[in-house]
Number of protein chains: 2
Amino acid sequence: MTNRYERQERERDEMRQAILDAAGLIVAEEGLKRLSIRKIAERIEYSPGIIYHYFAGKEAIIEQLLRQGYLEMVSGLDAVSAMESQPEAIFAQTMRRFIETSLADGVRYRDIMLNESPSVLSHTAVLFSGAASQREALALLIRLLRSFDRLKEKQDDELELTAQVIWSGAFGLILRLTVEKDLPAAQKERLIRHYLETTLIMIKHLE
Amino acid sequence: MTNRYERQERERDEMRQAILDAAGLIVAEEGLKRLSIRKIAERIEYSPGIIYHYFAGKEAIIEQLLRQGYLEMVSGLDAVSAMESQPEAIFAQTMRRFIETSLADGVRYRDIMLNESPSVLSHTAVLFSGAASQREALALLIRLLRSFDRLKEKQDDELELTAQVIWSGAFGLILRLTVEKDLPAAQKERLIRHYLETTLIMIKHLE
DNA sequence: GACCTATACTGAACATTGTTTAATACATTG
DNA sequence: CAATGTATTAAACAATGTTCAGTATAGGTC
């Protein structure tokens, strides 16, 4: 008796996910701006109207899509294994991997991190005071910072600020590299290396 | 005889500018996403179709608008007057003014700097090798860097890389602050100050 | 099995978009 | 004055997001 409702609920969820999957494919193929309700409907082989039985509107679909995408991206986050014992090497390799995966994802990183809807921002906001306790990326950065001897004694809130600034710097570089997409690979590499070098210099000389 | 053509040309330019002005007002009031050809037409008191006699399409209008906006923004760029004699203070104040004017401009900075059309990018691209010779912001940054004694002897191309990284960092911070627009003013201020501090530390210890 | 009710779904419609085009008014030229 | 080219409009087209009246369907009740 009760499991009938469960099955209905399950089917509803499956339909919602089918819509999201179709939307995800379209976005991957044509970009977020070209996503349309009718294209989704065609792909799931239903009429366009039905989508409004499962989502409040296009905006809601996009938000859910970006939220799922964000979780995927974050799930691959962790420090490079400690085969490299020097904090500098670990920091550089971890940051480099983060930058390169973001770049490999093309415009997805950009779509996610620039979305201003509250439901997406509740996952992606990173600058507020106390963010480190809720954002794995910041927590990871702080752990990396603490692996430098000079910074072991630093207060949490100061390291958080530093992590936020470092994070914003990487964010800016990733976005610029995404926008200026015709940049030669060698220059791209030079910039990433220089970003890592200068950031490390800064870290090593924090007062 | 020839000046008839000149007058025609002039009237054409005036119409083009009237369209751009109307578009600019709408964007300022409602944002870039809400700009529409029909709204422009209504504001200039013509029918929508006429706009296509003056511009190739909506995209072309936006590009021209952003290009004009970019020139406006850049025109206000110069180093803080040297009443402060220490390079550090000059650097910090110049960067701070740049960050704060960008933030004050709301989403305009964002719309301009994230636009990917070649005609806009030809003004805004900043990461390519040799960019300092064409981008006042980068040239200014390099001049500021050279005012530090340690960096007087540095090669141009290395300082350019450093300027590009510093610029990208500011860019990332500005964008994050624009996206996370509900951040308390005190935290905003803390982040800007910390960005300036850490960047200065980096500059002072460049090898 | 007949009936009922809630849910799934469709087709058509509506309003709004960017854009094109046939027709027209107008100004300039010869 | 006739011809030519330019400026302008109204209407249409295609695509968009969204709504809604109606229809089928599936599950439960008598």
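In what follows, every heavy atom counts, from backbone to side chain, and hydrogens, waters and symmetry copies are set aside. Every chain is numbered from 1 and lettered A, B, ... according to where its sequence line falls, protein lines coming before strand lines. What you see is a predicted model; the values in this text were computed from it and never measured.
Closest to the side chain of A:Ser36, out of D:dT18, D:dT16, C:dT20, is D:dT16.
Tested against A:Thr124 for a side-chain contact (heavy atoms from CB on, under 4.5 Å), the candidates A:Ile112, A:Asn115, A:Leu114 yield a single pass: A:Ile112.
In this entry the distance linking CD of A:Glu14 with P of C:dA8 reads 13 Å, nearest Å. With rounding to whole Å, A:Lys33 atom NZ is found 15 Å from D:dT16 atom C1'. The NZ-P distance, from A:Lys58 to D:dA15, rounds to 15 Å in whole Å. In this entry the distance linking CZ of A:Arg12 with C1' of D:dA26 reads 16 Å, nearest Å. Here C:dG18 presents its C1' atom at 11 Å from CD1 of B:Ile62, a figure rounded to the nearest Å. Between B:Arg38 atom CZ and D:dA15 atom P there is a gap of 15 Å when expressed in whole angstrom units. Rounded to whole angstrom, the span from the OH atom of B:Tyr52 across to the C1' atom of D:dA7 amounts to 17 Å. B:Arg34 has its CZ atom 13 Å from the P atom of C:dT16, to the nearest Å.
Residues passing the ring pair (Phe, Tyr, Trp, His ring centres under 6.0 Å) test with A:His53: none are found, sequence neighbours excluded. Considering only residues two or more places apart in sequence or on other chains, B:Phe171 meets the ring pair (Phe, Tyr, Trp, His ring centres under 6.0 Å) condition with B:Trp167. Scored by the ring pair (Phe, Tyr, Trp, His ring centres under 6.0 Å) test, B:His205 finds A:His205 as partners (sequence neighbours excluded).
Under 3.5 Å, the side chains of B:Asp21 and B:Gln17 contain a donor-acceptor pair of N or O atoms.
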Grab the N/O contacts between the protein and nucleotides 9-11 of chain C below 3.5 Å, and write none if there aren't any.
residue: C:dC9; atom: OP1; partner: A:Tyr46; partner atom: OH; Å: 3.3
residue: C:dC9; atom: OP2; partner: A:Tyr54; partner atom: OH; Å: 2.7
residue: C:dC9; atom: N4; partner: A:His53; partner atom: NE2; Å: 3.4
residue: C:dT10; atom: OP2; partner: A:Ser47; partner atom: N; Å: 2.9
residue: C:dT10; atom: OP2; partner: A:Ser47; partner atom: OG; Å: 3.3

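At a threshold of 4.0 angstrom between heavy atoms, the contacts of A:Ile40 with the nucleic acid are absent. Residue A:Ile44 is out of contact with every strand shown, counting any heavy-atom pair closer than 4.0 Å.
Residue pairs meeting the ring pair (Phe, Tyr, Trp, His ring centres under 6.0 Å) criterion with at least one member in residues 99-118 of chain A, sequence neighbours excluded, do not occur. Each side chain to side chain donor-acceptor pair (under 3.5 Å) pair with one or both residues in residues 90-105 of chain A, not counting sequence neighbours, appears once here: A:Asp78-A:Arg97, A:Glu84-A:Gln93, A:Arg96-A:Glu100, A:Arg96-A:Glu189, A:Asp105-A:Arg108.
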